[in-house]
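Everything numeric in this text was worked out from a predicted model, so none of it was measured.
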Amino acid sequence: MDKPAYDVVYSWSQSFDNLMKNKTGQKYFAEFLKGEYSDENILFWQACEELKREKNAEKIEEKARIIYEDFISILSPKEVSLDSRVREIVNNNMVRPSSQTFDEAQNQIFTLMQRDSYPR
């Protein structure tokens, strides 16, 4: 990984948004989360970002199903921690997957990382 400039790294310490808007910052944060045994959170968040960029309807549906199986399904070893309200929203959205299927879940996981993992 390229070593980022001091001012860039400093900006990450000042704002979780700054960290998450920077690809290198995301890589360093993902490495940290691996050590915390919670890297499924950033992997889920990144998968949701990728889904939002997808324009092809068939690929959106395919990617949504993969995200669901990898991170939402209770059978997944990488299951993210969602409350029952958000889990129900996602389950309802999966009837007709779109690029916004996981927005509520993504927001909840972002907040979880911001409040729990980021300060450490």
Side-chain angles (χ1 to χ4, degrees):
M1 259 186 285
D2 287 338
K3 198 167 184 180
Y6 173 81
D7 58 330
V8 173
V9 175
Y10 182 76
S11 76
W12 302 343
S13 73
Q14 300 305 300
S15 159
F16 187 63
D17 285 327
N18 289 344
L19 174 71
M20 294 301 284
K21 286 177 185 168
N22 184 290
K23 288 285 181 212
T24 305
Q26 286 180 33
K27 286 178 186 167
Y28 279 106
F29 191 54
E31 285 300 313
F32 168 75
L33 290 177
K34 272 185 198 169
E36 299 269 305
Y37 302 102
S38 62
D39 60 326
E40 70 277 357
N41 292 329
I42 195 161
L43 295 173
F44 170 71
W45 186 87
Q46 290 170 328
C48 292
E49 288 297 294
E50 187 180 318
L51 178 66
K52 288 178 186 177
R53 290 190 294 271
E54 184 59 63
K55 300 297 178 222
N56 179 307
E58 283 179 21
K59 285 189 177 176
I60 287 172
E61 191 164 332
E62 179 185 334
K63 285 181 179 185
R65 298 216 179 279
I66 290 168
I67 291 170
Y68 187 89
E69 289 169 14
D70 285 352
F71 300 106
I72 307 299
S73 169
I74 58 171
L75 303 173
S76 173
K78 295 185 290 189
E79 180 190 3
V80 292
S81 180
L82 298 172
D83 65 33
S84 58
R85 179 190 68 85
V86 171
R87 189 170 290 282
E88 189 174 336
I89 290 169
V90 170
N91 286 335
N92 291 336
N93 289 348
M94 284 303 292
V95 174
R96 271 217 195 85
S98 74
S99 57
Q100 288 84 40
T101 294
F102 301 103
D103 284 0
E104 289 281 336
Q106 185 184 21
N107 289 337
Q108 191 169 74
I109 294 302
F110 182 90
T111 301
L112 175 73
M113 290 189 298
Q114 184 176 36
R115 289 189 184 150
D116 186 43
S117 304
Y118 172 68
R120 290 197 297 264

**Study point:** N-O pairing of Glu61 and Arg65 below 4.0 Å
**Key:** yes
Exercise for review: Ignoring hydrogens and angles, tell me if any N or O in the side chain of Tyr118 forms a donor-acceptor pair with the backbone of Ser15 under 3.5 Å.
Suggested key: yes
Exercise for review: Could you check if a side-chain atom of Met20 sits within less than 4.5 angstrom of a side-chain atom of Gln114, using non-hydrogen atoms only?
Suggested key: no
Practice item. Taking the side chain as every heavy atom from C-beta outward, state whether Trp12 and Thr24 have any atom pair closer than 4.5 Å. Key: yes
Review point. Is a side-chain N or O of Ser76 found less than 3.5 angstrom from the main chain of Asp70, in a donor-acceptor match?
Key: yes
Review point. Say you draw a straight line from CG of Leu82 to CD1 of Ile109; how long is it, rounded to the nearest 0.5 Å?
Key: 5.0 Å
Review point. Checking side chain to side chain contact (heavy atoms under 4.5 Å, CB included) for the pair Met113/Leu33: CA distance, chi angles, key distance, verdict?
Key: CA-CA 9 Å; Met113 290 189 298; Leu33 290 177; 4.0 Å; yes
Check your understanding: Do other residues, nucleotides or ligands put more than 12 heavy atoms under 6.0 Å from the CD atom of Glu49?
Key -> yes
Check your understanding: So with a 6.0 Å cut-off around CZ of Arg115, is the heavy-atom count from everything else above 12?
Key -> no
Point to revise | Full working for side chain to side chain contact (heavy atoms under 4.5 Å, CB included) between Ile74 and Glu79 | key: CA-CA 6 Å; Ile74 58 171; Glu79 180 190 3; 3.7 Å; yes
Exercise for review: Apply side chain to side chain contact (heavy atoms under 4.5 Å, CB included) to Val9 and Lys3, showing your working.
Suggested key: CA-CA 9 Å; Val9 175; Lys3 198 167 184 180; over 6 Å; no
**Study point:** Residues, nucleotides or ligands: over 12 heavy atoms within 6.0 Å of Gln14 CD
**Key:** yes
Point to revise | Linked, directly or transitively: Ile89 and Tyr68 (ILVMFWY side chains, under 4.5 Å) | key: no
**Study point:** Heavy-atom pair with the smallest gap, counting every atom of Leu19 and Gly25
**Key:** CD1-O, 3.4 Å
**Study point:** Under-4.0 Å salt bridge between Lys34 and Glu31
**Key:** yes
Review point. What pair of heavy atoms forms the shortest contact from Leu51 to Lys63, and how long is it?
Key: CD1-CB, 3.8 Å
Practice item. Please round to the nearest 0.5 Å and tell me the distance separating atom CZ of Phe16 and atom OG1 of Thr111. Key: 9.0 Å
Check your understanding: Linking I/L/V/M/F/W/Y whenever any side-chain heavy atoms sit under 4.5 Å apart, do Tyr28 and Val8 land together?
Key -> yes
Review point. Roughly how far, to the nearest 0.5 Å, is CG of Asn92 from OG1 of Thr101?
Key: 11.0 Å
Check your understanding: Rounded to the nearest 0.5 Å, how far does CD1 of Ile67 lie from CD of Glu62?
Key -> 11.0 Å
Review point. If we only count heavy atoms from C-beta on, is the Glu104 to Val90 side-chain gap below 4.5 Å?
Key: no
Exercise for review: Please round to the nearest 0.5 Å and tell me the distance separating atom NZ of Lys52 and atom CD of Gln100.
Suggested key: 8.0 Å
Exercise for review: Considering non-hydrogen atoms only, spot the tightest contact between Ser99 and Ile60 and give its length.
Suggested key: N-CG2, 3.6 Å
**Study point:** SB check Glu54 Lys59 (cutoff 4.0 Å)
**Key:** no
Practice item. Report the distance from atom CZ of Phe29 to atom CG of Asn22, rounding to the nearest 0.5 Å. Key: 13.0 Å
**Study point:** Heavy-atom check, side chain of Phe71 versus side chain of Lys78, under 4.5 Å
**Key:** yes
Point to revise | Flag side-chain contact, heavy atom, 4.5 Å: Asp17 against Phe110 | key: yes
Exercise for review: Please work out whether the ring planes of Phe102 and Phe44 are parallel, tilted or perpendicular, with thresholds of 30° and 60°.
Suggested key: perpendicular
